[in-house]
Novice: 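Take a look at this one; I'll ask things after.
Chain letters run A, B, ... following the sequence lines, proteins first, then strands; residues in each count from 1. Reckoned from all heavy atoms, side chains included, excluding hydrogens, waters and symmetry mates.
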Number of protein chains: 2
Amino acid sequence: MISGWEGIREEVLRRIRVRDWPPGETIPTEEELAAEFGVARATVNRALRELAGAGVLERRRKAGTRVALLPVRKATLDIPVIRQEVEARGQVHGFTLLTRTEGAPPVPVASRLGLGPSARAIYLETLHLADGRPFVFETRWLNPAVLPKPLPDFGVVSANEWLVAHVSYETGDIAFTAEAADAREAAVLGVAEGAALFVTERTTWTAEAAITLVRLAHVPGYRLQTMI
Amino acid sequence: MISGWEGIREEVLRRIRVRDWPPGETIPTEEELAAEFGVARATVNRALRELAGAGVLERRRKAGTRVALLPVRKATLDIPVIRQEVEARGQVHGFTLLTRTEGAPPVPVASRLGLGPSARAIYLETLHLADGRPFVFETRWLNPAVLPKPLPDFGVVSANEWLVAHVSYETGDIAFTAEAADAREAAVLGVAEGAALFVTERTTWTAEAAITLVRLAHVPGYRLQTMI
DNA sequence: GAGTGGTCTAGACCACCTC
DNA sequence: AGGTGGTCTAGACCACTCT
């Protein structure tokens, strides 16, 4: 017996899998499905909305709901604070602040932060450790104009955690690349120059201004994983 | 004026950002917020449910809704078919089937596919091109036992697209790593041996059995990007 | 036990889009 | 112009979990 919006979601998925409703086909309207399953239309809507969000269905007003022809699968990644990521592996997290300077950032950084040419920014280099071994080399630019005062000693509190605790919510973008370790990264992470590093780059914004631009170079062997 | 569930979501976010509701704090109940905003409780529920899904709020029955202390940010990645990915860059997609063999897969592959030691599998090597230049080197194991017949000529139809069109829905996992190009990868992609490659590995399953295990080695410079 | 979120209903109106 | 999904309402019952 099918009941509840999750039951309806599973039943719709089953019909797609067994090709009752093959890719590209228009499935019955919400009203028809509601009648068939004996539920309210809102319940059907909830189920179909979830499947559309997952890329399985495509919905347009008036045109109806179709099974996606080339489903763009959606994968959700969890982006935890580095300390949590290390502790989730059962290891002990530590970090060392290697560099802290302040000054005008290089032009590409300034432009990605949306700063004028003479604006000043804080630059931090931090090495994160897992069980005492290098794990992530973090290089970060901070926009001091939008940070709450007073600023902490980033040698004691990692910028990562101070930010999530003191700048409540932000939007931004995130990118992943593979890059060869340069001389500095190789020395800090204790790997050979040219080693393949998994690199995460994030820019985060408040409603108006950029907060921080951070680059995380992970030690070789790092694996970012999720279920589909 | 605040109205609609999206308006309520933005207002809640605003209050979190300006620290009316700092991290860890319990916010008013759905009923109280519904009264304040002059909407039905279901509308508030929709807004708060979205924010909980994004990792901004934590909700528990009886305990109420709190602002997440260490928000585990969720990023949603689109995993398109390679052809779409190439075409989205305004380039022309092409591909060449380099190898097709059939036989018992190596043990690590068999175990990840959940196959017995003597089971046979199809192995494909495909080079995907963007504007005629190497883009992705795909190596794929297929479990023929669960594939619909007849199998196509994978030199004409890419396995990637044939699967999404003929095996309607599947679950699986996906992982991203950075790896140094081995001799074969370097030769096929036309890069130096040891170059840093962005590698995607996917396993996909039907309800019971594994369908395919695929490894995509992207040419250096590849960037996987999303908004947060 | 009781408070809170999770879900469902029956109905309604609206926005968008195809026809 | 009309059909379809998107959203909202007011109310209800239920599931979970904290006390």
Novice: How many angstroms lie between atom CD1 of B:Ile27 and atom CG of B:Leu57, to the nearest 0.5 angstrom?
Specialist: 5.0 Å
Novice: Please tell me if the side chains of B:Leu13 and B:Leu51 come closer than 4.5 Å, counting only heavy atoms from C-beta onward.
Specialist: yes
Novice: Distance check, rounded to the nearest 0.5 Å: A:Arg83 atom CZ versus B:Leu70 atom CG?
Specialist: 6.0 Å
Novice: Which range-with-range stems can be found for DNA chain C when each stem has 3 or more Watson-Crick or G-U pairs in a row and both distances sit under 3.5 Å?
Specialist: C:1-18 with D:1-18
Novice: Without swapping roles, check the side chain of B:Lys149 against the backbone of B:Leu147 for a donor-acceptor pair under 3.5 Å.
Specialist: yes
Novice: Can you measure B:Arg59 atom CZ to D:dT17 atom C1' for me and round it to whole angstrom units?
Specialist: 15 Å
Novice: Distance check: side-chain N/O of B:Arg49 vs OP1/OP2 of C:dG5, anything under 4.0 Å?
Specialist: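 Negative; the distance criterion is not met.
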Novice: For D:dG5, does OP1 or OP2 lie under 4.0 Å from any side-chain N or O of A:Asn45?
Specialist: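 Indeed not, no polar side-chain atom of A:Asn45 lies that close.
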Novice: Donor-acceptor pairs under 3.5 angstrom involving side-chain atoms of residues 132-139 of chain A: please list them, not counting sequence neighbours.
Specialist:
residue	atom	partner	partner atom	Å
A:Glu138	OE1	A:His128	NE2	2.8
A:Glu138	OE2	A:Arg140	NE	2.9
A:Glu138	OE2	A:Arg140	NH2	3.3

Novice: Nearest to the A:Lys62 side chain among C:dT9, D:dA10, C:dT18, which nucleotide is it?
Specialist: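 Selected nucleotide: C:dT18.
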Novice: Quick one: which protein N/O atoms are closer than 3.5 Å to N/O atoms of nucleotides 13-15 of chain C? Pair and distance per line, please.
Specialist:
residue	atom	partner	partner atom	Å
C:dA15	N3	A:Arg61	NE	3.1

Novice: Between atom CZ in A:Arg9 and atom P in C:dC8, what is the gap in whole Å?
Specialist: 11 Å
Novice: Both A:Gly38 and A:Ala63 contact DNA chain C. Which one's nearest nucleotide lies toward the 5' end?
Specialist: A:Gly38
Novice: Closer than 4.0 Å, any side-chain N/O of B:Thr43 to the OP1 or OP2 of D:dT7?
Specialist: no
Novice: Roughly how far apart are B:Thr171 OG1 and A:Ile228 CD1, rounded to 0.5 Å?
Specialist: 9.0 Å
Novice: In this structure, how many angstroms lie between the C1' atom of C:dT4 and the CD atom of B:Glu32, rounded?
Specialist: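 Distance check: B:Glu32 CD to C:dT4 C1' gives 11 Å.
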Novice: What integer distance in Å separates A:Arg60:CZ from D:dG6:P?
Specialist: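 About 11 Å, once rounded to whole Å.
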Novice: Counting only N and O atoms by type, is there a donor-acceptor contact under 3.5 Å from the side chain of A:Glu32 to the main-chain atoms of A:Thr29?
Specialist: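 A pair under 3.5 Å: yes.
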Novice: Can you tell me how far P of C:dG6 sits from CG of B:Leu57, to the nearest Å?
Specialist: 11 Å
Novice: Which nucleotide wins on minimum distance to the side chain of B:Ala42, given the candidates D:dG2, D:dT9, C:dT9?
Specialist: D:dT9
Novice: Taking the side chain as every heavy atom from C-beta outward, state whether B:Gln225 and A:Asp173 have any pair of such atoms under 4.5 Å apart.
Specialist: yes
Novice: Do A:Asp131 side-chain atoms and A:Val92 backbone N/O form a donor-acceptor pair below 3.5 Å?
Specialist: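 Pair found, side chain donor or acceptor close to backbone of A:Val92.
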Novice: As a quick check of understanding, evaluate side chain to side chain contact (heavy atoms under 4.5 Å, CB included) for A:Leu48 and A:Arg59, giving each step before the final call.
Specialist: CA-CA 9 Å; A:Leu48 299 186; A:Arg59 319 194 73 197; 3.3 Å; yes
Novice: Is the shortest side-chain N/O distance from B:Thr65 to OP1 or OP2 of C:dT4 below 4.0 Å?
Specialist: no
Novice: Nearest whole angstrom, please: distance from the P of D:dC8 to the CZ of B:Phe37.
Specialist: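 It works out to 13 Å between those atoms.
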Novice: Measure CZ/B:Arg66 against P/D:dC18 and give the value in whole Å, please.
Specialist: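 Checked: the CZ to P distance equals 11 Å.
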Novice: Without decimals, in angstroms, what is the distance between A:Trp5 CH2 and D:dC14 C1'?
Specialist: 16 Å
